[in-house]
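Okay, so here's the structure we're looking at.
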Amino acid sequence: MSAVTAEDYDKAASMEELYALLAKQGIENGWNKPEPSLWPLPNRDFVPAHWSYREAKAALNAAGRFVNTELAERRNLILANPIPGNKYPTVKTLICAYQMVKAGETARSHRHSANALRLVLDTGENAFTIVDGKKVPMVSGDVLLTPNWSWHAHSNESTQHAYWMDFLDVPTVHLLGPMFFEHHPEGIEKADEIASDSPMRFPFEETKARLAAEKEFAAGCRIIELGNPPPAMKTISLKVIRVDAGASFELEPSTLSTIYSPMYGAGKVTMEDKTFTWSRGDSIAGPSSYPQRWEAEEESYLLQVSDEPLLSRLDWLRPVPPRS
Ligand code: GTQ
Ligand code: FE2
């Protein structure tokens, strides 16, 4: 392979000669690199960002005029974090997208190693995600899981378009490499049974009742974790925070990457020097190392999607000191 031998190194008479030999072998010295490999605090390579459902819905409606589900495996709009050159992740480990399936339309069955979940925004009656052969109803405010390798299709048997948000751990799969994807041999998997009580479904009514029975963690603020036992999925934590009208809470900067969607309500969030005004169905990226201060103008339910299970399992869930 390399023409460099031990004797060449023995004969090296200067640092320059040593560097030249190393370079010939494609070996980098670890002490004199332009960029260090280790640094004192996490890089802040993603930025806080906000997308409004109102615009996303209009964009999906436009896509509905031009793109059918034959052409598009999924009619989805990916919320890429607005940092230079980024075309994909919403925060470092997670992706968030808006998706629409038109009245009467289906999106075919597939499965993948990436874990996914949906927050249902607007549907008529009889919109379903078919998960492993069962029709799981999609009702506004519901959270539906399609974990690693479960078959899933979307079937909108209502007379209204169905809109929801998808959250997936695909950027984590990209990093670690275990990507697998298959189409279902039947196109859309046959399903007769409606499974309203599927363990893959967290109906909003139950979420609301659980929160009402919960103690406050801050004045007017309550939190629960979805999943039995939590977390619902190996890589993703799902929490719902109820913030009463006029109440607020703060999260110190940490290594967690978070994405939020208000299931109901309206308010503001400040992440360091950025403040966003949000309402139902919006999407907010809360990258690691940024503080968050959430304020509700009316009673609000926030879905928080994060990479907590991954970070805590690896002992990498840590506070990060404020930067500014
Ligand atoms: O609905 O199965 O936004 O597989 C991205 C990938 C949705 C889905 C997305 C997916 C899906
Ligand atoms: Fe999928």
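Both ligands and their constituent atoms are indexed starting at 1 by order of listing. We use all heavy atoms of the structure for the numbers below, so side chains are in, but hydrogens, waters and symmetry mates are not.
Scanning all protein heavy atoms for the shortest distance to atom 8 (C) of ligand 1 gives Arg74 NE, 2.9 Å. Here the heavy atom of the protein found nearest to atom 6 (C) of ligand 1 is Leu168 CD2, 3.9 Å. The protein heavy atom nearest to atom 5 (C) of ligand 1 is Asn76 ND2, 3.4 Å.
Angle NE2(His112) to the Fe ion (ligand 2) to NE2(His110), rounded to 10°: 100°.
Salt-bridge formation is not detected for the pair Glu55/Lys57: no Lys NZ or Arg NE/NH1/NH2 atom is positioned less than 4.0 Å from an Asp or Glu carboxylate oxygen. Under 4.0 Å is where a charged nitrogen must lie from a carboxylate oxygen, and between Lys239 and Glu308 at least one such pair does.
Both tests hold for Arg44 against Tyr290: distance to the six-membered ring centre under 6.0 Å, angle to the ring axis within 45°. For the pair Lys135 and Phe128, the cation sits on the ring face: its NZ or CZ lies under 6.0 Å from the ring centre, inside 45° of the axis. Lys268 forms no cation-pi arrangement with Phe276, by the criterion of a distance under 6.0 Å to the ring centre and an angle within 45° of the ring axis.
Residue-ligand proximity, Arg118 to ligand 1, at heavy-atom distances under 4.0 Å covers atoms 1 (O), 2 (O), 8 (C). Against a heavy-atom cut-off of under 4.0 Å, Ala97 is close to the following atoms of ligand 1: 3 (O). Distances below 4.0 Å separate heavy atoms of His154 from the following atoms of ligand 1: 1 (O), 2 (O), 8 (C).
The closest heavy-atom contact to atom 7 (C) of ligand 1, among the options Val101, Asp166, Thr146, comes from Asp166.
Neither the backbone nor the side chain of Ile95 comes within contact range of ligand 1; no heavy atom lies under 4.0 Å.
No heavy atom of Glu73 sits closer than 4.0 Å to any atom of ligand 1.
Interatomic distance, Lys92 NZ to Ser289 OG, rounded to the nearest 0.5 Å: 10.0 Å.
Each of Thr123, Asn61, Asp122, Val101 was compared with His161 under the side chain to side chain contact (heavy atoms under 4.5 Å, CB included) criterion, and only Asn61 meets it.
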